[in-house]
There are 2 protein chains.
Amino acid sequence: MKNTTIYDIAREAEVSVSTVSRVLNDTAPVKASTRDKIMKVIEKHKFQPNALARSLIKKETGTIAMIVPDITNPFFPEVFYGANQEARDKGYTFFLCNTSGDDDRESEYLTILREKRVDGIIFIGGRINLANCPPELVQEVQEAAETIPVVLVNGNLAKTKFHRVYSDEAVGAALATQHLIDLGHRDIAFIGGLDFMTTTIQKVKAVKKTLEDQQLTLRKEWIQYGEFSIQAGRDLMNKLLDDSEHRPTAVLCVNDFTAIGAIKAASERGLHVPEDISIVGFDDSPLSTAVIPELTTVTQNTHELGKYAVERIFQINNGMPTKRTTVLTPKLIVRQSSGPAPVKRK
Amino acid sequence: MKNTTIYDIAREAEVSVSTVSRVLNDTAPVKASTRDKIMKVIEKHKFQPNALARSLIKKETGTIAMIVPDITNPFFPEVFYGANQEARDKGYTFFLCNTSGDDDRESEYLTILREKRVDGIIFIGGRINLANCPPELVQEVQEAAETIPVVLVNGNLAKTKFHRVYSDEAVGAALATQHLIDLGHRDIAFIGGLDFMTTTIQKVKAVKKTLEDQQLTLRKEWIQYGEFSIQAGRDLMNKLLDDSEHRPTAVLCVNDFTAIGAIKAASERGLHVPEDISIVGFDDSPLSTAVIPELTTVTQNTHELGKYAVERIFQINNGMPTKRTTVLTPKLIVRQSSGPAPVKRK
DNA sequence: TTGAAAGCGCTAACAT
DNA sequence: ATGTTAGCGCTTTCAA
């Protein structure tokens with residue numbers, strides 16, 4: 001079933017293709033009568049101009065891609081949502097590339113997206129959160145960035161100067177820590193997150209610093225690294241609670257998933273949150289209001305993250321001035337999972 | 001910065017473009033020595049063939065689109081995940097189009113996707129869940145389907161014969177109802193979901209039938225329609241509980257979100273789930289294991305839904321035989337939010 | 001095994 | 001205001 005082309009329209013309307021193109025793009029004045037005639041034919045055939053042909057010439061596709069590690073983690077759909085919202089205003093459509101946290105897939109997608117000549121790539125998670133990203137992986141991204149605007153969201157690649165949009169996770173972690181200190185907690189632990197990812201490292205560092213600034217310490221045994229999942233949170237929390245000699249009165253978690261796992265572990269042992277132990281999450285994902293008790297957490301302005309990333313790409317593609325870095329400040333959201341430190345019993 | 005083309009490669013390798021094309025696509029034998037020479041030049045320039053030009057000729061883009069109402073609702077990322085997984089195997093990349101449940105956006109995307117000549121469209125949610133979908137909206141989809149394979153996931157359009165993949169929600173609802181009956185419940189309510197959406201209607205109907213088959217009834221006041229959100233679930237549950245004369249001992253919810261809202265409302269009133277009241281969700285989204293108590297719910301085989309949809313598109317595009325309809329059977333997942341009916345107190 | 005050339009469907013000078 | 005024509009970067013006959 002042959003697609004109708006601009007030529008078919010031109011022939012039937014008895015004009016040249018350029019005239020049809022003109023009415024299609026409104027790129028030059030066309031006499032009202034001929035415009036009408038052309039429009040009639042277009043509508044009759046429900047003609048849809050071939051965007052591929054157009055993109056081939058104009059060297060722009062109206063397409064942006066977002067590379068994410070795991071769309072199933074509610075943090076990413078939120079960022080996507082914000083990005084998509086902005087993209088629509090700017091006339092972009094979105095490729096969503098889920099890598100399942102696999103480096104090779106990231107590389108694959110990078111290649112495909114370049115071949116498809118996307119107008120921009122938003123990179124979030126994966127290699128840009130590695131404390132030590134292998135140079136080959138860095139280079140791949142750099143090569144892509146030579147021809148396509150790339151913006152890194154909530155991550156970075158060492159010794160490079162990519163466009164970045166991120167929320168200052170260190171500030172967020174400090175905020176959460178201070179919140180607990182203010183509630184009278186002195187025995188604070190940190191759980192979750194792989195120890196080779198910057199998201200984890202930055203937070204631990206900030207927690208430690210905030211504590212030390214006030215003559216408190218983060219005990220080594222109270223830093224429990226692991227995955228970012230609910231299950232991991234539960235497991236790590238259990239490890240913490242196993243040591244009945246030394247029990248923290250409050251636990252900071254790398255994200256909301258692990259925080260929820262932590263709450264579950266605590267409840268399963270008959271501990272009440274926050275009466276017996278306070279738990280703080282990170283991300284303010286929709287989950288945080290779904291659990292009981294609702295999670296005290298740190299919001300990352302997820303929608304803005306996506307929004308600014310798209311805006312940046314738009315600016316670059318249109319030769320508008322841009323700054324290379326946009327930093328968003330996280331905010332603490334106090335809900336029900338944190339409370340005053342329990343009074344010591346002995 | 002000009003992109004290098006196949007011509008540049010040809011010139012530098014001292015061969016014709018057709019030969020370069022041959023090694024690129026492995027479409028005809030090329031002498032090993034010249035192939036090597038060409039590969040060298042390709043790698044030297046990190047040449048990326050322009051997929052647009054190729055697609056223009058081959059009339060296939062290697063791109064599928066998924067139109068979803070709300071990527072922020074964890075049900076959809078799960079379906080996407082399954083689809084994306086399968087898509088990768090088949091060499092497709094994914095457009096993700098978030099409509100925020102807006103008909104106009106759906107229409108917009110339909111147009112854009114046709115212009116972009118995607119190889120298939122997966123439609124989920126939105127108009128295909130309307131009990132009375134306006135004919136114009138139906139027609140739009142039909143027109144798209146004339147040139148592009150369209151598959152409807154968990155929905156339908158009246159008087160049409162689209163390709164469909166869906167899980168039988170009526171069976172799921174019946175399963176959940178029977179589960180409650182078996183636990184001794186006789187006073188069962190249903191909450192959540194807009195009353196003009198098929199997801200809601202089908203479930204209510206199935207609940208009613210299951211009940212009536214066993215001489216039980218679904219009281220009219222115990223059907224509470226509303227949104228699909230946590231907040232809606234909470235509000236509707238509160239309405240139910242406000243009538244202290246007649247209180248159900250079990251509540252079926254249109255999805256996990258509303259179920260969680262219901263649990264919250266119950267807890268806020270000091271009711272224990274499931275001791276005082278049983279609550280059952282629908283979807284088995286990641287949320288269902290995140291809450292306390294973990295949700296008894298109905299799994300919709302989300303990944304399969306996506307997987308089969310992509311598979312179908314692939315089959316259609318490759319002239320393989322396909323059936324028009326794939327039905328998946330939901331399964332009941334019993335967790336902690338449902339239990340034996342409380343003993344009557346008076 | 002390789003090359004020449006036509007064409008995919010459109011836009012954008014350049015003419016008229 | 002409208003038409004002619006040369007590409008955009010690739011694949012694919014058809015010849016050699």
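These figures come from a predicted structure and were not determined experimentally. Here is how names work: the chains are called A, B, and so on, in the same order as the sequence lines, proteins then strands, and each is numbered from 1.
- In this structure, A:Asp36 places its CG atom 14 Å from P of D:dA1, rounding to the nearest Å.
- More than 12 heavy atoms of other residues, nucleotides or ligands shown are found within 6.0 angstrom of CG on B:Asn318.
- With respect to the salt-bridge test (charged N to carboxylate O, under 4.0 angstrom), the residues A:Glu12 and A:Lys44 qualify.
- Contacts of A:Thr34 with the nucleic acid, taken as non-hydrogen atoms under 4.0 Å apart, involve only primed sugar atoms and P, OP1 or OP2.
- Taking the side chain as every heavy atom from C-beta outward, A:Met66 and B:Leu96 never approach each other to under 4.5 Å.
- Atom pair A:Arg11:CZ and C:dG9:P shows a separation of 12 Å (rounding to whole Å applied).
- A side-chain contact (heavy atoms from CB on, under 4.5 Å) with A:Val118 is found for one member of A:Ile313, A:Ile148, A:Ile64 and no other, namely A:Ile148.
- Nearest-nucleotide positions on DNA chain D for B:Arg22 and B:Asn50 put B:Asn50 closer to the 5' end.
- Proximity note for A:Val15 (side chain, C-beta onward) versus C:dA12, C:dC10, D:dG3: the nearest is D:dG3.
- Atom C1' of nucleotide C:dG9 and atom CZ of B:Arg54 are separated by 18 Å, given to the nearest angstrom.
- Nearest to the side chain of B:Leu56, among C:dG9, D:dT12, C:dT11, sits C:dG9.
- A close approach under 4.0 Å does occur between a side-chain nitrogen or oxygen of A:Ser21 and OP1 or OP2 of C:dT11.
- Comparing atom distances between the B:Lys59 side chain and each of C:dG9, C:dA12, C:dC10 picks out C:dG9 as nearest.
- Each of B:Ala53 and A:Leu24 has a nearest nucleotide on DNA chain C; the 5'-most of these lies closest to B:Ala53.
- Applying the 4.0 Å criterion to OP1 and OP2 of D:dT11, one finds that B:Asn25 has a side-chain N or O inside that range.
- Rounding to whole angstrom units, CD of residue A:Gln48 and C1' of C:dC10 are separated by 15 Å.
- When the C1' atom of C:dA12 is taken as reference, atom CD of A:Glu60 falls 14 Å away, rounded to whole Å.
- Contact annotation for B:Thr19: backbone-only contact, meaning every heavy-atom pair under 4.0 Å involves sugar-phosphate atoms and none involves a base.
- At a cut-off of 3.5 angstrom, counting only N and O atoms as typed in the model, there is a donor on one side and an acceptor on the other between the side-chain of A:Ser18 and the base of D:dG3.
- A:Leu52 places its CG atom 15 Å from the P atom of D:dG9, with the value rounded to the nearest Å.
- Nearest-nucleotide mapping onto DNA chain D: of B:Ala51 and A:Arg35, the residue sitting toward the 5' end is A:Arg35.
- Side chains of A:Glu311 and A:Thr326 form no contact here, defined as non-hydrogen atoms less than 4.5 Å apart.
- Between A:Ser16 and the phosphate of D:dG3, there is a side-chain N or O to OP1/OP2 separation shorter than 4.0 Å.
- For a distance-only test at 3.5 Å, the side chain of B:Arg117 fails to qualify as a donor-acceptor partner of the base of C:dG9.
- At whole-Å resolution of the value, CD1 in B:Ile57 and C1' in C:dC10 are 14 Å apart.
- For the pair A:Glu14 CD and D:dA1 P, the computed distance is 20 Å after rounding to whole Å.
- Taking 4.0 Å as the cut-off between side-chain N and carboxylate O, A:Glu140 and A:Arg127 count as a salt-bridged pair.
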